[in-house]
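Worksheet for the structure shown next.
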Amino acid sequence: QVQLVESGGGLVQAGDSLRLSCAASGRTSSTYAMGWFRQAPGKEREFVAAINWSGSRTYYADSVKGRFTISRDNAKKTVDLQMNSLKPEDTAVYYCAAARSLDITLSLVNYYSWGHGTQVTVSS
């Protein structure tokens with residue numbers, strides 16, 4: 001089982017940037033795809049971005065495409081989410097998760113390990 005811990009959240013103004021990081025520990029493996037999800041108050045958890053095991057492929061939700069960038073460093077066992085041009089609607093708790101597969105998957109049910117989340121609040 002892999003343990004995931006997110007960091008980097010905070011309170012920013014619209015248009016600002018934040019960089020989230022997810023550190024993995026335990027029985028880690030670089031052969032898993034990783035994803036970032038978010039959950040706003042009163043809403044379901046939604047997919048934000050994913051990256052395959054090697055980092056060669058990424059995929060983004062339409063709502064963040066062009067503003068967010070996911071990356072990974074398998075040597076450091078970290079997955080980052082660079083968030084630029086933040087909007088108030090990006091306000092949510094952000095979670096990183098490890099998938100059961102090598103390649104990208106968008107479905108929550110395909111992720112077997114989750115972090116506890118980090119709060120991102122964007123004021124207008």
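Aromatic rings of Y32 and Y112 (six-membered ring for Trp) have centroids within the 6.0 Å cut-off, being under it. In summary, the aromatic rings of F37 and W114 are positioned with their centroids under 6.0 Å apart.
Between the side chain of Y94 and the backbone N or O of V48 there is no donor-acceptor pair closer than 3.5 Å. In this structure, D73 contributes its side chain and K76 its backbone to a donor-acceptor pair below 3.5 Å. Looking at S113, its side chain does come within 3.5 Å of a backbone N or O of V2 through a donor-acceptor pair. Listed for the Q119 side chain is no donor-acceptor partner under 3.5 Å among the backbone atoms of G9. R57 contributes no side-chain N or O that, together with a main-chain N or O of W53, makes up a donor-acceptor pair within less than 3.5 Å. Side-chain N or O atoms of E6 include one that pairs as donor or acceptor with a backbone N or O of G117 at under 3.5 Å.
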Quiz item: Can T69 and Y60 be said to form a side chain to side chain contact (heavy atoms under 4.5 Å, CB included), step by step?
Solution: CA-CA 8 Å; T69 302; Y60 299 92; 3.8 Å; yes

Exercise. Go through the steps for T91 and V120 under the test side chain to side chain contact (heavy atoms under 4.5 Å, CB included), then give the verdict.
Key: CA-CA 5 Å; T91 294; V120 172; 5.9 Å; no

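Residue Y59 qualifies as open at atom OH: its count of foreign heavy atoms under 6.0 Å is 12 or below.
A continuous path of ILVMFWY side-chain contacts below 4.5 Å connects L18 to I70, so both sit in one hydrophobic cluster. Residue V64 is grouped with residue W36 when hydrophobic side chains (ILVMFWY) are merged at heavy-atom distances under 4.5 angstrom, including chains of intermediate members.
Remark: R45 qualifies as a cation-pi partner of Y95 under the 6.0 Å distance and 45° angle criteria applied to the six-membered ring.
Ionic pairing of K65 and D62 is present here: one or more N-O contacts between side-chain nitrogen and carboxylate oxygen are shorter than 4.0 angstrom. Between D80 and R72, no side-chain nitrogen of the basic residue sits less than 4.0 Å from a carboxylate oxygen of the acidic one, so the salt-bridge criterion is not met.
Side-chain polar atoms of S54 and S56 form a donor-acceptor pair below 3.5 angstrom.
A heavy-atom distance below 4.5 Å is not found between the side chains of L4 and H116.
With values rounded to the nearest 0.5 angstrom, N110 atom CG is found 3.5 Å from T105 atom OG1.
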